[in-house]
Amino acid sequence: MGGKQSRSLSDKELNEVSVNQRRKSAIRDDQPSLSSAAERIRRHTTMHFGYSTLSLAMRGLDETPTELWELRGLQKLNLSMNCLCSLPPALGALDNLVVLNLWGNNLSSLPPEIGLLKKLRVLFACRNRLSEVPEELGSCTCLEVLSLANNQITALPNSLAAMHNLTKLNLSHNRIVHIPTCVYNMKGLVFLHLACNRLETIADQIQDLVNLKILIMEGNSIHTLPKTLCFLESLELLNVDFNDLQSVPMEMYLLSRLGRLACHPLDKGLHIIHNPLLKPIQEVLQGGLSALYNYLKPT
């Protein structure tokens with residue numbers, strides 16, 4: 001009694017919204033109830049760090065309430081950990097969205113209308129069932145963070161090459177055989193996560209990602225590292241553990257910011273010891289990264 005009103009929709013209110021949604025196809029003049037449902041959702045938006053925010057996370061939703069798409073001023077929307085299999089074209093109406101969280105649903109695709117979200121800066125679509133990404137996503141050129149991890153993606157459309165503001169890209173735990181060509185055009189990338197895919201090679205174009213500080217490629221089937229990888233002198237963490245590497249390029253000593261051999265996944269440095277490295281590299285690494293670099297440096 002007298003306590004603060006909940007900031008998230010109650011189960012009762014969500015049920016009322018769902019009922020209204022089902023009724024609207026059978027009742028033509030239900031506009032007052034629809035407006036009421038939309039107002040209930042609007043009441044539960046909050047201002048968070050200056051952004052109009054709404055969370056419908058963990059609500060067991062198998063479809064989105066139609067009234068949601070009336071919230072044109074919404075800037076952050078969290079639909080994570082529901083049971084959504086699809087999103088309607090009406091998503092494109094929320095053209096003020098800055099952050100969209102779709103983590104942990106059953107989405108098999110994203111609607112082309114996602115390309116209308118021109119202000120979008122952060123998109124989490126990890127842990128879904130995506131096998132492809134719409135070409136229209138490339139129109140979201142303000143994107144800075146994109147996570148498509150834990151899906152069934154094999155490739156990305158070339159249109160994503162226009163994402164020059166992207167700094168963090170997570171494509172881990174997918175089915176990617178070759179690093180998508182568009183990735184090499186994302187010159188602003190600082191963080192690139194490609195662990196647990198089906199990669200066998202790294203193209204020479206990797207040298208174009210001159211701002212990379214973190215590159216994670218563990219758990220693939222990479223046989224060799226290109227010498228151009230060693231030109232990424234900003235790298236602070238390079239994880240190529242659990243691949244099929246037998247040797248390293250002679251130019252690896254140029255990666256001076258790696259600092260040390262690392263073991264813990266979050267540690268900066270070079271992660272490489274869990275590979276079938278041949279002698280003498282395997283033996284030299286027992287002395288640490290400095291020993292490896294001294295061995296590789298030309299005399």
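- No donor-acceptor pair under 3.5 Å is formed between the side chain of Ser80 and the backbone N or O of Ala57.
- There is no path of hydrophobic side-chain contacts, each under 4.5 Å, that joins Leu87 to Trp103.
- Side chains of Leu77 and Leu68 form a contact here, defined as non-hydrogen atoms less than 4.5 Å apart.
- Glu132 and Ile153 make their closest contact through N-CG1, 4.4 Å (heavy atoms, listed as atom of the first residue, atom of the second, distance).
- Interatomic distance, CG of Leu117 versus CG of Leu123, reported as 9.0 Å (0.5 Å rounding).
- Around atom CD of Glu135, no more than 12 heavy atoms belonging to other residues, nucleotides or ligands sit under 6.0 Å away.
- A distance of 10.5 Å separates CG of Asn275 from CD of Glu218, quoted to the nearest 0.5 Å.
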- Task: Please lay out, stage by stage, how Phe191 and Lys213 fare under the test side-chain contact (heavy atoms from CB on, under 4.5 Å).
- Result: CA-CA 6 Å; Phe191 174 98; Lys213 292 185 178 182; over 6 Å; no
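- A pairwise comparison of heavy atoms in Pro249 and Cys230 identifies CG-SG, 3.5 Å as the closest pair.
- What you find for Leu270 and Met252 is that their closest heavy atoms are CD2-SD, 4.0 Å.
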- Task: Begin from the C-alpha positions of Ile176 and Thr154 and carry the test side-chain contact (heavy atoms from CB on, under 4.5 Å) through to its verdict.
- Result: CA-CA 4 Å; Ile176 299 172; Thr154 58; 5.7 Å; no
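- Residues Leu209 and Ile179 share a hydrophobic cluster, clusters being chains of Ile/Leu/Val/Met/Phe/Trp/Tyr side chains in contact below 4.5 Å.
- Between Thr64 and Pro88, the shortest heavy-atom contact is OG1-CD, 3.7 Å.
- Side-chain contact check for His274 versus Asn243: every heavy-atom pair is 4.5 Å or farther apart.
- Judged by distance alone, with hydrogens and angles left aside, the side-chain atoms of Asn239 form no donor-acceptor pair with the main-chain N or O of Pro265 at under 3.5 Å.
- Under a hydrophobic clustering in which Ile, Leu, Val, Met, Phe, Trp and Tyr are joined whenever their side-chain heavy atoms come within less than 4.5 Å, directly or via other members, Ile273 and Val284 fall into the same cluster.
- In terms of heavy atoms, Ile114 sits closest to Pro134 at CG2-CG, 4.2 Å.
- Inter-residue side-chain proximity for Ile222 and Met217 is flagged as met; some heavy-atom pair is nearer than 4.5 Å.
- Taking every heavy atom of both residues into account, Cys140 and Gly115 meet most closely at SG-CA, 4.0 Å.
- Exactly one of Arg72, Gln75, Lys76, Lys119 qualifies for a side-chain hydrogen bond (donor to acceptor under 3.5 Å, both in side chains) with Asn96. That residue is Lys119.
- Distance check: Met81 CE to Ser55 OG gives 11.0 Å after rounding to the nearest 0.5 Å.
- Remark: the backbone N or O of Leu84 is not paired with any side-chain donor or acceptor of Asn82 at under 3.5 angstrom.
- Neither Val177 nor Ile206 shares a network with the other; the hydrophobic side chains, linked directly or stepwise wherever heavy atoms of I, L, V, M, F, W or Y lie under 4.5 Å apart, form separate groups for each.
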- Evaluate side-chain contact (heavy atoms from CB on, under 4.5 Å) for Leu102 paired with Leu79, printing each intermediate quantity in order. CA-CA 5 Å; Leu102 304 172; Leu79 291 169; 4.0 Å; yes
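- Just one residue in the list Leu225, Ile281, Leu278 forms a side chain to side chain contact (heavy atoms under 4.5 Å, CB included) with Leu245, and that residue is Leu225.
- The hydrophobic clustering, which links ILVMFWY residues whose side-chain heavy atoms are closer than 4.5 Å, places Leu107 and Phe124 apart.
- Within the 3.5 Å criterion, the main-chain N or O of Ser131 finds no donor-acceptor partner in the side chain of Asn151.
- With hydrogens and angles disregarded, no donor-acceptor distance shorter than 3.5 Å links the side chain of Asn128 to the backbone of Cys85.
- The CZ atom of Arg257 sits 14.0 Å away from atom CG of Leu237, with the distance rounded to the nearest 0.5 Å.
- To the nearest 0.5 Å, atoms CG (Leu169) and CG (Leu148) are separated by 7.0 Å.
- Here the straight-line distance linking atom CG of Leu292 with atom OG of Ser290 works out to 9.0 Å at 0.5 Å rounding.
- Between Leu189 and Val183, the closest side-chain pair of non-hydrogen atoms falls below 4.5 Å.
- Heavy atoms from other residues, nucleotides or ligands lying under 6.0 Å from CD of Gln207 number more than 12.
- No donor-acceptor distance shorter than 3.5 angstrom exists from the side chain of His178 to the backbone of Pro180, with no hydrogens or angles considered.
- Proximity of a side-chain donor or acceptor of Asp267 to a complementary backbone N or O of Cys263 within less than 3.5 Å is not detected.
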- Would Val98 and Val122 count as a side-chain contact (heavy atoms from CB on, under 4.5 Å) if you check the C-alpha gap in whole Å, the side-chain angles of each, and the deciding distance to 0.1 Å? CA-CA 6 Å; Val98 175; Val122 178; 5.9 Å; no
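- Between the side chain of Asn197 and the main chain of Arg175, a donor-acceptor pair closer than 3.5 Å is present.
- Using a distance-only test at 3.5 Å, with no hydrogens or angles considered, a donor-acceptor pair links the side chain of Tyr293 to the main chain of Leu255.
- Taking the side chain as every heavy atom from C-beta outward, Leu143 and Leu137 approach each other to under 4.5 Å.
- Taking the side chain as every heavy atom from C-beta outward, Gln152 and Arg129 approach each other to under 4.5 Å.
- When Asn211, Leu212, Asp208 are each tested for a side chain to side chain contact (heavy atoms under 4.5 Å, CB included) with Leu232, only one passes: Leu212.
- Side-chain contact check for Asn220 versus Cys196: every heavy-atom pair is 4.5 Å or farther apart.
- For the side chain to side chain contact (heavy atoms under 4.5 Å, CB included) with His193, the lone residue among Ile214, Leu171, Asn170 that qualifies is Asn170.
- Within the 4.5 Å cutoff, side-chain heavy atoms of Glu200 are placed close to those of His223.
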